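Worksheet for the structure shown next.
Computed over heavy atoms, backbone and side chain alike; hydrogens, waters and symmetry mates excluded. Reminder, nothing fancy here: chain letters follow the sequence lines and each chain counts from 1. The structure presented is a predicted model; accordingly, all values stated were derived computationally and were not measured.
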Number of protein chains: 2
Amino acid sequence: MTASTVQGRDPASLRRHNLRTLLRHLHLQGATSRVRLGEVTGLTRSTIADLVGELAERGLAVETGSSRPQSGRGRPPMIVSPREETAYVLAVSVDVDTIGIGRVGLGGTLLEESEARHERGPGDPAASVSQLVRLIHAEVEPFEHAPLAVGIAVPGLVRAEDGVVTRAPNLGWRELNLAERLRDELRFTGPIVIGNEARLAALAEHRRGAGRDCADLVYVSAGVGVGGGIVTHDRLLTGSTGYAGEVGHMITNPGGRSCHCGGRGCWETEIGADALLSQVGVVAPTNRHTALEELFAGAERSDPEVLEAFRRMCPPVAVGLANLVNVFDPRRVLLGGWLRLMLRHTGEELRTALDQLRGLPELPADLRTARFGEQGRLLGAAEAAVSGFLAELR
Amino acid sequence: MTASTVQGRDPASLRRHNLRTLLRHLHLQGATSRVRLGEVTGLTRSTIADLVGELAERGLAVETGSSRPQSGRGRPPMIVSPREETAYVLAVSVDVDTIGIGRVGLGGTLLEESEARHERGPGDPAASVSQLVRLIHAEVEPFEHAPLAVGIAVPGLVRAEDGVVTRAPNLGWRELNLAERLRDELRFTGPIVIGNEARLAALAEHRRGAGRDCADLVYVSAGVGVGGGIVTHDRLLTGSTGYAGEVGHMITNPGGRSCHCGGRGCWETEIGADALLSQVGVVAPTNRHTALEELFAGAERSDPEVLEAFRRMCPPVAVGLANLVNVFDPRRVLLGGWLRLMLRHTGEELRTALDQLRGLPELPADLRTARFGEQGRLLGAAEAAVSGFLAELR
DNA sequence: ATGATTTGTAAGAGGTAAAAACAAATTTGC
DNA sequence: GCAAATTTGTTTTTACCTCTTACAAATCAT
């Protein structure tokens with residue numbers, strides 16, 4: 001993400017700004033009539049016609065003579081739609097064991113998706129990088145047009161100013177300029193945007209999920225660890241080093257156990273997978289993943305033991321949520337991972353615990369389940385890629 | 001704060017944008033040569049000349065044939081300065097017992113300041129409003145020109161979208177549209193911006209204080225209560241109801257005492273004035289204010305008993321700071337109120353407590369004392385007023 | 001004093017969007 | 001069916017803003 005200097009200076013930048021506004025609207029709202037575009041942007045019919053013409057020429061939009069339903073009388077309007085065939089981004093989700101790739105059209109629909117085992121070298125990102133290059137090439141190969149941009153979700157810290165992955169402990173990466181390495185090996189000149197997976201999942205929820213209408217949003221997802229992302233003023237929080245929104249390391253129990261981050265009493269140690277599993281009597285499982293799957297399955301069939309475990313977890317979960325709500329004052333709080341199950345099955349208890357902790361009954365927190373599960377990070381990577389493309393649009 | 005629709009649409013809005021950019025630069029950076037303005041904005045000499053001409057005509061800027069020191073050879077540049085005499089804002093700080101008013105010139109200097117006892121009615125804001133009107137009129141009276149805007153700091157919750165004071169318990173206000181009431185009684189058509197005092201103090205630190213170069217900033221001030229404000233991406237956080245940044249009600253001790261907010265274990269109950277005073281053996285003082293003054297005086301002369309109290313307060317203070325740092329990842333943390341004294345006298349202990357709690361030694365928190373004390377909220381109100389003026393600039 | 005350098009000024013050109021006038025497509029009313 | 005009303009698209013003209021270019025002014029270096 002290169003820091004764009006000034007928004008608008010000369011007439012040309014004014015046009016870029018208007019083109020961007022139109023494209024962003026098409027991406028987020030989908031097919032829109034020309035007239036509606038005019039109302040939204042404040043531009044006149046003639047200007048809209050001109051701008052849309054340019055978008056069509058560039059292969060970013062298509063105009064279709066109005067589709068079916070005729071609402072008023074007058075001449076039926078022309079409908080402008082994002083052109084997914086030629087205008088798409090590539091979304092990549094790098095995980096510890098797998099790499100997911102998706103092609104997402106302008107407009108936000110996931111056109112294709114594929115997954116591969118992540119063949120990574122010990123501590124050395126070289127193997128990962130070259131596998132990424134192969135996978136991306138394979139994904140783009142069948143299509144005539146190159147992607148507009150590439151977005152990559154990574155389980156690690158990403159410095160906002162330059163997109164460098166400063167630390168990804170689970171991958172063994174440190175200070176890796178992934179975008180630069182990929183740009184060199186990929187022969188791709190468009191924007192390559194890197195982001196933390198949880199932050200990108202939050203972005204996906206904000207743009208297309210359960211937080212579409214919320215300018216201020218807190219997203220928390222509990223799995224093995226506790227990740228999250230925060231949107232304020234319709235923007236994803238990054239902080240000065242990309243650590244912002246790393247809610248798992250709030251200190252919710254100052255006297256608690258020490259955390260792998262080096263801190264003490266982190267939320268993650270209180271409500272992470274191990275804490276949850278210990279509530280059903282599973283301590284130090286041989287395979288944490290399958291143990292969790294079993295627990296989740298138990299929740300689905302309303303196993304009383306599992307529900308009781310959820311109930312006992314409500315207070316520590318509520319402490320963290322109370323903190324977040326009291327500091328960020330979000331319009332909505334979205335819960336992912338197994339917190340979704342908790343909200344669904346023992347939501348009443350969770351809300352009660354939260355209300356008791358934080359007071360302010362006239363400003364109740366709006367807890368909801370996140371819309372996307374595993375797919376969130378991929379969709380978020382796509383959204384970040386689109387934003388990157390729009391930012392660099394010339 | 002009326003939500004401005006689009007940034008730039010037509011050529012006229014482009015000019016407005018450029019005028020705004022120039023004015024903002026002059027306000028924040030002070031006198032600047034024309035050439036430098038061109039470098040900063042990317043505009044050409046001729047355009048700068050034109051724009052500066054308009055600013056001068058409007059009484060917002062003055063051009064002075066270059067002052068003294070000649071650096072290079074060529075023709076000496078013309079210097080553009082904000083014109084404080086005609087371009088100023090009014091800053092107001094409404095407090096429980098006093099009302100402070102200041103005249104702040106474009107450029108940020110406090111030109112005059114005055115204070116009056118706050119004569120408020122019981123629960124009814126009418127008396128306060130009419131006193132504000134009188135004080136503001138008296139302040140503006142001697143000057144030919146009306147202020148560009150008015151900014152008001154209030155000890156209460158201010159809804160960001162419409163500037164309504166939703167709750168100010170210490171004043172007995174609820175759902176008060178202060179801006180509207182003042183606009184009617186004041187016969188003033190310019191922007192009137194209302195903000196929470198702690199948030200505005202944070203803004204002042206960001207724009208002119210100890211956080212000038214920080215896009216991400218956490219400000220915490222402890223007095224009787226614990227207030228704060230948070231800046232991210234160079235913007236003040238407001239949240240959906242203006243509660244964002246109300247750090248005193250983070251829950252730092254889930255098992256702690258109940259707080260007046262209705263919550264439990266709030267940071268404010270852990271590190272507020274009463275908690276601090278109890279550390280020096282003062283419980284339920286007859287006059288909390290004078291007891292605090294005494295304690296602070298003790299700190300100034302390094303009274304060992306007071307320093308020991310500070311030391312004992314380090315852990316609970318550190319818990320809240322660790323939370324904030326881990327969630328916001330700020331470039332810097334600014335401490336106000338008596339936390340300034342704590343940092344100055346027992347900073348070593350505070351930093352140690354913080355580091356032990358939060359781990360991440362490679363991302364150390366940068367704790368600093370805030371620059372402004374009581375004056376911060378007034379200067380912040382002025383900054384908010386200038387922002388309001390720039391936003392409404394036509 | 002002369003040339004180099006930097007900055008200010010003025011006139012003309014280019015690009016962008018708005019305004020106005022007109023054309024096209026559809027519904028409504030008869 | 002046909003005309004009027006309505007809405008939208010298209011074309012032309014106009015206005016605005018900034019840039020480019022050329023030239024003038026003010027200072028320093030030699």
- Message: Between C1' on C:dA17 and CG on A:Leu22, what's the gap in Å once rounded to a whole number?
- Response: 13 Å
- How close do B:Ala244 and B:Gly239 get, heavy atom to heavy atom, and via which atoms? CB-N, 3.4 Å
- Protein-nucleotide distance (B:Arg16, atom CZ; D:dC16, atom P), rounded to Å: 14 Å
- Query: If you round to the nearest 0.5 Å, how far is CD of A:Glu54 from CZ of A:Arg15?
  - Reply: 4.5 Å
Counting only pairs under 3.5 Å, give me each side-chain donor-acceptor contact of residues 76-83 of chain A, with atom names and distances, residues two or more places apart or in other chains.
none

- Task: Round to a whole Å and report the spacing from CG of A:Leu51 to C1' of D:dG9.
- Result: 15 Å
- For A:Asp50 and D:dT8, what is the distance between atoms CG and P respectively, to the nearest whole Å? 19 Å
- Item | Nucleotide D:dT18, atom C1' - distance to CG of A:Leu14 in whole Å | 11 Å
- Item | Nucleic acid footprint by protein, nucleotides 4-12 of chain C - heavy-atom cut-off 4.0 Å, B for base, S for sugar-phosphate alone | -BBBBSB--
- Spacing of A:Leu111 atom CG and A:Tyr88 atom OH [to the nearest 0.5 Å]: 9.5 Å
- How many Å lie between CG on B:Leu43 and P on D:dT20, as a whole number? 11 Å
- Message: Is there a side-chain contact between B:Asn18 and the phosphate of D:dC17, meaning an N or O under 4.0 Å from OP1 or OP2?
- Response: no
- Item | A:Thr44 side-chain N/O to C:dA17 phosphate OP1/OP2 under 4.0 Å | no
- Task: Give a yes or no on whether a salt bridge exists between A:Arg183 and A:Glu180, defined as a side-chain N under 4.0 angstrom from a carboxylate O.
- Result: no
- Item | Interatomic distance, A:His206 atom NE2 to A:Thr232 atom OG1 [nearest 0.5 angstrom] | 9.5 Å
